[in-house]
Amino acid sequence: MRLLAGLAGLAVVGAAAGWLLTAPVRLDADAVAQGPRDAARGVRIFHVGGCASCHAAKGAKGDDRLKLGGGAVLATPFGNFQPPNISPGPDGIGGWSLADFDNAMRRGVSPDGRHYYPAFPYTSYARMTAGDIGDLFAFLKSLPAVAGKPAAGAIAFPFNIRRGIGLWKHLYLDASPVVALPETASAAARAGQYLVEGPGHCSECHTPRDGFGGLDRARWLQGGPDAEGKGKVPGLTPARLKWSAAEIADYLKTGFTPDYDSVGGTMVEVQANMAELPDQDRAAIAAYLKAVTP
């Protein structure tokens, strides 16, 4: 009986420890973005972050890219994930506070305290500044409200147990810079590091993942299988992308490669976003990609 009681006690302690380890963790109150912010500045962050690529209807053009009622399903080995409505209406983020939005973006925690799945790239957005978070929120609040909520995605067991994402976050949610740029790195390369590693979340496609779906930092931006199983995603390090910085920046602006081929696949959406940025941002992204070392 004493043995059984001891085992039961250990089980209770283990369950309590697991519950604490998997609990959603919000930002400290003094770290949360403060308002009011500038919607005009948020336009740039909207395009860098590729919000329309996931949250607007598939194939949307022009002003329809600002109707963020939820886009195409993201199919992965872990399940099918449905981008939600993030328009400012009641079916989207209309009832959210800036703190709710910031915790979603940088901690992957919903307003009602649930973990978001990392198909939403908060592991990259975690590196964003509070100011940029606030500006983006202000811009999203200025967009048209869209009615309706897309149907939920289909996620298989055991990945449908959201609480387990808390353990995953202990392994992969890290807001520190990934690449240690040399002291001689230019100001442009440092600005590009923020854009690429943070709001631009380029690594989410261009870095291989391990068996748990986390990014393999040892192979940062070295390319790998497409997460949706549609071939390979190219590497962006200097050893894998031989284009000059000027050619990279021009590709992001025009969609044409140095050999006069054109952008294709899911990169079409990304390039459309990059084309909306100031020239100095595209130059900064290119400078960072040329500075990345193995």
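Only this structure's heavy atoms are used, side chains among them; waters, hydrogens and symmetry mates stay out.
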Task: Salt-bridge present (K253, E276; N to O < 4.0 Å) - done: no
TODO: For residues E197 and W220, report the shortest heavy-atom separation together with the two atoms involved.
DONE: CG-CZ2, 3.8 Å
Open item on the list: Any side-chain to backbone donor/acceptor pair from D102 onto A99? Under 3.5 Å, distance only.
Closed with: no
Task: Within one Ile-Leu-Val-Met-Phe-Trp-Tyr cluster: L74 and V233, side-chain cutoff 4.5 Å - done: no
Open item on the list: Using modelled atom types and a 3.5 Å cut-off, is there a donor and acceptor pairing between side-chain atoms of S262 and backbone atoms of F256?
Closed with: no
TODO: Output the distance between atom CD1 (I86) and atom CG (L68), rounded to the nearest 0.5 Å.
DONE: 4.5 Å
Open item on the list: Enumerate the side chain to side chain donor-acceptor pair (under 3.5 Å) contacts for residues 24-35, please, sequence neighbours excluded, ordered by first and then second residue.
Closed with: none
- [ ] Determine yes or no for a side-chain-to-main-chain donor-acceptor pair under 3.5 angstrom, with Q271 supplying the side chain and L252 the backbone.
- [x] yes
Open item on the list: On a heavy-atom basis, which atom in S203 and which in L215 lie closest, and how many Å separate them?
Closed with: OG-CD1, 3.4 Å
- [ ] Check whether any side-chain heavy atom of D132 lies under 4.5 Å from a side-chain heavy atom of Y194, and answer yes or no.
- [x] yes
Task: Short side-chain to backbone donor-acceptor contact, R127 and S176, under 3.5 Å - done: yes
Open item on the list: So, taking the atom named CD in E247 and the one named CG in D259, what distance separates them when rounded to the nearest 0.5 Å?
Closed with: 9.5 Å
TODO: Using a 4.5 Å cut-off on heavy atoms from C-beta on, say whether the side chain of P84 contacts that of K149.
DONE: no
Open item on the list: Tell me whether R37 contacts the main-chain N or O of I133 through its side chain, where contact means a donor paired with an acceptor under 3.5 Å.
Closed with: no
Task: Any donor-acceptor pair under 3.5 Å from Y116 side chain to M105 backbone - done: no
Open item on the list: Main chain of T257, side chain of D261: is a donor-acceptor contact present, judged purely on distance under 3.5 Å?
Closed with: no
Open item on the list: Could you measure the distance from the OG1 atom of T207 to the CD atom of Q222? Nearest 0.5 Å is fine.
Closed with: 8.0 Å
Task: F159 and F78 aromatic ring geometry - parallel, tilted or perpendicular at 30°/60° bounds - done: perpendicular
Open item on the list: If the threshold is 4.0 Å, N to carboxylate O, is there a salt bridge linking K232 and D226?
Closed with: no
Task: Lys/Arg-Asp/Glu bridge criterion (N-O < 4.0 Å) met for K61, D64 - done: no
TODO: Show your working on side chain to side chain contact (heavy atoms under 4.5 Å, CB included) between L277 and V48 and close with a plain yes or no.
DONE: CA-CA 7 Å; L277 300 180; V48 174; 3.3 Å; yes
Task: Candidate pair W168 and F212, rule ring-ring contact (aromatic ring centres under 6.0 Å, His included), full reasoning - done: CA-CA 8 Å; W168 189 93; F212 295 106; 9.6 Å; no
- [ ] Determine, using the 4.5 Å side-chain heavy-atom cutoff (strictly less than), whether L173 and V109 are members of one ILVMFWY cluster.
- [x] no
TODO: Using the side chain to side chain contact (heavy atoms under 4.5 Å, CB included) rule, take L27 and R106 through it: C-alpha gap first, then chi angles, then the decisive distance, then the call.
DONE: CA-CA 8 Å; L27 292 161; R106 295 198 285 170; 3.9 Å; yes
Open item on the list: Could you check whether any side-chain N or O of H115 sits under 3.5 Å from a backbone N or O of T22, counting only pairs where one atom can act as donor and the other as acceptor?
Closed with: yes
Open item on the list: Quick check: do Y117 and I155 have side-chain heavy atoms less than 4.5 Å from each other?
Closed with: yes
- [ ] Taking all non-hydrogen atoms of both residues into account, name the closest pair between G134 and A33 and its distance.
- [x] N-CB, 4.2 Å
TODO: Cation-pi check, K169 to Y122: give yes when NZ or CZ is under 6.0 Å from the six-membered ring centre and within 45° of the ring axis, no otherwise.
DONE: yes
- [ ] Give the C-alpha distance, both sets of side-chain angles, the deciding distance and a yes or no for side chain to side chain contact (heavy atoms under 4.5 Å, CB included) between E269 and K58.
- [x] CA-CA 10 Å; E269 287 279 345; K58 185 177 182 180; over 6 Å; no
- [ ] Measure the spacing between SG of C51 and CG of N273 and express it to the nearest 0.5 Å.
- [x] 8.0 Å
Task: D63 atom CG, over 12 foreign heavy atoms within 6.0 Å - done: no
Open item on the list: In the structure I gave you, are the side-chain heavy atoms of V146 and D91 within less than 4.5 Å of one another anywhere?
Closed with: no
- [ ] Following the transitive rule for hydrophobic clusters with a side-chain heavy-atom cut-off under 4.5 Å over Ile, Leu, Val, Met, Phe, Trp and Tyr, establish whether L236 and M274 coincide in one cluster.
- [x] yes
Open item on the list: Quick check for you: to the nearest 0.5 Å, what is the distance between L136 atom CG and M128 atom CE?
Closed with: 5.5 Å
Task: Single-linkage hydrophobic cluster V25~F101, side-chain heavy atoms < 4.5 angstrom - done: no
Task: Shortest non-hydrogen separation from F139 to A39 and the atoms involved - done: CB-O, 3.6 Å
- [ ] Decide side chain to side chain contact (heavy atoms under 4.5 Å, CB included) for K290 and I248; before the verdict, give the C-alpha distance in whole Å, the side-chain angles of both, and the deciding distance to 0.1 Å.
- [x] CA-CA 9 Å; K290 298 305 290 185; I248 294 172; 3.9 Å; yes
- [ ] List the steps, then state whether side chain to side chain donor-acceptor pair (under 3.5 Å) holds for D174 with T123.
- [x] CA-CA 7 Å; D174 181 358; T123 52; over 6 Å; no
Open item on the list: On a heavy-atom basis, which atom in A287 and which in S186 lie closest, and how many Å separate them?
Closed with: CB-OG, 4.5 Å
- [ ] State, yes or no, whether a side-chain contact exists between F46 and L140 at a heavy-atom distance under 4.5 Å.
- [x] yes
Task: Cluster check L98, I45: I/L/V/M/F/W/Y, side chain < 4.5 angstrom - done: yes
Open item on the list: Do D210 and Y172 have side chains that approach each other closer than 4.5 Å (heavy atoms only, starting at C-beta)?
Closed with: yes
TODO: Flag the pair P177 / Q193 as yes when at least one side-chain heavy-atom distance between them is below 4.5 Å, and no otherwise.
DONE: yes
Task: Side-chain (K141) to main-chain (I93) donor-acceptor, under 3.5 angstrom - done: yes
TODO: Examine distances only and state if a side-chain atom of R209 and a backbone atom of E204 form a donor-acceptor pair shorter than 3.5 Å.
DONE: yes
Open item on the list: Could you tell me if the side chain of Y125 sits less than 4.5 Å from the side chain of F120, heavy atoms only?
Closed with: yes
Open item on the list: Check this for me, if you would: do D281 and R44 make a salt bridge, where the nitrogen-to-carboxylate-oxygen distance has to be below 4.0 angstrom?
Closed with: yes
Task: Residue pair W96 / A104: nearest heavy atoms and the distance that separates them - done: CZ3-CB, 3.9 Å
